[in-house]
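Worth saying up front: this structure is predicted, and the values here are computed from it rather than measured. The first residue of the sequence shown is numbered 1, and numbering continues consecutively from there.
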Amino acid sequence: MDLQRLCGLVFVSTLILLVSKPSSVTAGDIVHDDDSAPKKPGCENNFVLVKVQTWVDGVEANEFVGVGARFGTTIESKEKKAQQTRLILSNPRDCCNKTKNKLAGDVIMVDRGHCKFTTKANIAQEANASAVLIVNNQKELYKMVCEPDETALDIHIPAVMLPQDAGATLEKMLMSNSLVSVQLYSPQRPVVDIAEVFLWLMAVGTILCASYWSAWSAREASIEQDKLLKDASDEIPSAKAPIGASVVDISTTSAVLFVIIASCFLVILYKLMSGWFVELLVVLFCIGGVEGLQTCLVALLSRWFKRTGESYIKVPILGAVSYLTLAVSPFCIAFAVLWAVFRNISFAWIGQDILGIALIITVLQIVRIPNLKVGTVLLSCAFLYDIFWVFVSKKLFHESVMIVVARGDRSGEDGIPMLLKIPRMFDPWGGFSIIGFGDILLPGLLVAFSLRYDWLANKTLRAGYFLWAMMAYGLGLLITYVALNLMDGHGQPALLYIVPFTLGTFLTLGKKRGDLQILWCKGEPERPCSHIKLEESQELDETK
């Protein structure tokens, strides 16, 4: 791989690593708790999302999503049991005074106005309404709570808030002299969705493939170096050059700087998050995706087209490029461009996952941790980084910075593209289960290191470290999804669970087997680092 392309790929992959993190579900949290609006008698409902299905003259029409109020009766959860009821526009519109409408169990739609939400609900209830839809004066949804001085409310109809655009559409329906009816229900999200199983398999499979590729490359390089060492001892410098030319080793300093730089970049993303900034991230993702996909395809196809892969041509700016790379590049570029153009269609997630997996595998092949010491520092820093920006940042910014950036809440887009995602197949609310690249890349560096060490030390699968590190990662990710479901879909920092399992297993096994010193300092099955200088001095004495 050309050095210029290597630097470009490392830069893009590092950028992607910084902005990608939380495991989450982007369908919108179904159950919300709000400490600033405590529960009290008559005002103790959870904030739940509510589906509002409409019919115009008996023909099924639009479906809108609102949020239920803290007060009133709870919303029916099953669609079959929810009644289809006629919708009436309130007169007066804000329903702050006694309504002039003659209602017979109808649903009444009112404007937000200036009076209390509970006042509107009480007036609608007195007018014999079966439910009240309150249209917000903004596109966002608002949590309807009780006033601090209100106690023991006697509201027995459900109240739902709709966004401004939904209210405008419903008003047009009603103004056309059509019979408009609605159905209100709040379906519950399934405890486990099959999408999470596939996402787990995708993450584990990606690390598995990348680890074997990395270990195979390291073994091939080691064999090649041994051959050169046997030929002539004066050729040692030239034997090491090819190995370092295509691999970037992370140092302890860079591992610490990762947290500082990543934190600064995350704050920049949080402050500047907008449509144009997401477009910029899409471009960077496509560049990295093209490089990753091209590298993977060339490595795979070179098995069958070896001569084409070893024949090079000099290209301006790029330098020496193989014919196979030239043949594959147009396809990779076209694939990335097509994804970028059509990324908002329903099945665009497939292209995003392909580009993402190819990039992750390529980065894990190129970027490596040289020993367990660097891996421990890197993962420990990332562990603290994840916890701080998902949980602690709420105290400073009044919202989780990591979750806001991952979902793209301020950009008007679906979120940053540096994620693997799969649509939730059996979730009535739809949305995606997602995992950030960092939650695969960072533990993947340690897992890939374990397999390289096992192969160089000629360890069997059971006696080595890779099998246990791989199982620890899979278990940690599984615990993440369990926590995600227990938290009602609230985003969880995956590294909070993955790092203790993966790193803890590695350190415990290394200490138990007596390999910890070699793993910690050298990272290769050679002499312990504490004896290297001693033996080198002995050799110097013998030569004298």
Side-chain angles (χ1 to χ4, degrees), residues 6-7 9-11 13-14 16-18 20-21 203 206-219 221-222 240 243-262 359-386 437-457 459 464-470 472-473 476 494-495 498-511 515-526 528-529:
L6 173 63
C7 294
L9 179 59
V10 172
F11 169 76
S13 61
T14 303
I16 289 173
L17 192 63
L18 298 181
S20 59
K21 296 304 274 173
T206 299
I207 291 182
L208 193 67
C209 294
S211 298
Y212 271 98
W213 186 9
S214 177
W216 177 83
S217 300
R219 186 167 63 177
S222 179
K240 290 184 179 180
I243 301 174
S246 59
V247 174
V248 177
D249 282 337
I250 301 174
S251 65
T252 305
T253 304
S254 61
V256 175
L257 287 176
F258 162 80
V259 178
I260 301 173
I261 298 174
L359 177 56
I360 292 172
I361 291 176
T362 303
V363 172
L364 289 177
Q365 158 67 13
I366 296 172
V367 182
R368 299 179 181 179
I369 55 174
N371 51 53
L372 188 55
K373 177 183 177 181
V374 174
T376 301
V377 172
L378 178 64
L379 287 179
S380 298
C381 291
F383 175 79
L384 297 174
Y385 168 85
D386 228 14
F437 286 0
D439 298 324
I440 302 175
L441 275 170
L442 292 173
L445 290 170
L446 186 66
V447 175
F449 165 74
S450 69
L451 186 59
R452 289 197 304 272
Y453 180 86
D454 287 353
W455 280 19
L456 293 175
K459 288 182 177 289
Y465 295 93
F466 171 71
L467 175 63
W468 308 107
M470 195 75 246
Y473 173 78
L495 294 183
I498 293 174
V499 170
F501 276 93
T502 309
L503 188 59
T505 299
F506 212 138
L507 291 171
T508 303
L509 277 178
K511 185 176 181 179
D515 297 333
L516 187 57
Q517 188 179 23
I518 298 175
L519 289 167
W520 186 265
C521 298
K522 189 66 177 176
E524 295 179 1
E526 296 179 1
C529 53

Could you tabulate the donor-acceptor pairs under 3.5 Å formed by side-chain atoms of residues 445-452, not counting sequence neighbours?
residue	atom	partner	partner atom	Å
Ser450	OG	Val447	O	2.4
Arg452	NH1	Ser214	OG	2.8
Arg452	NH2	Ile369	O	3.3

Validation row: Val247, Ile366 side chains within 4.5 angstrom (heavy atoms): no

Residues that Tyr473 engages under side-chain hydrogen bond (donor to acceptor under 3.5 Å, both in side chains), provided they are two or more places apart: none

Value rounded to 0.5 Å, distance of CG in Leu509 from CH2 in Trp468: 7.5 Å

With Val377 via side chain to side chain contact (heavy atoms under 4.5 Å, CB included) - residues at least two apart: Thr252, Ala255, Val256, Cys381

Sequence-distant partners of Asp515, side chain to side chain contact (heavy atoms under 4.5 Å, CB included), two or more places apart: Tyr453, Lys459, Tyr465, Arg513, Leu519

Side chain proximity check, Thr376 to Phe506, heavy atoms < 4.5 angstrom: no

Shortest non-hydrogen contact between Pro500 and Leu495, atoms and distance: CD-O, 3.7 Å

Smallest separation among heavy atoms of Gly444 and Leu364, with atom names: C-CD2, 3.7 Å

Contact check, side chains of Pro443 and Leu503, non-hydrogen atoms, under 4.5 Å: no

Close side-chain approach of Lys522 and Asn371, heavy atoms under 4.5 Å: no

Heavy-atom closest contact (Ala382 atom, Phe258 atom, distance): CB-CE2, 4.1 Å

Worked check of side-chain contact (heavy atoms from CB on, under 4.5 Å) between Ile360 and Ile207: CA-CA 8 Å; Ile360 292 172; Ile207 291 182; 6.0 Å; no

Set of side-chain hydrogen bond (donor to acceptor under 3.5 Å, both in side chains) partners for Ser251, sequence neighbours left out: Ser254

Sequence-distant partners of Ser217, side-chain hydrogen bond (donor to acceptor under 3.5 Å, both in side chains), two or more places apart: Gln365

Straight-line distance of Leu378 CG to Leu372 CG, nearest 0.5 Å: 11.5 Å

Any Leu442 side-chain heavy atom under 4.5 Å of Tyr385 side chain: no

Shortest non-hydrogen contact between Phe466 and Ser211, atoms and distance: CE1-CB, 3.7 Å

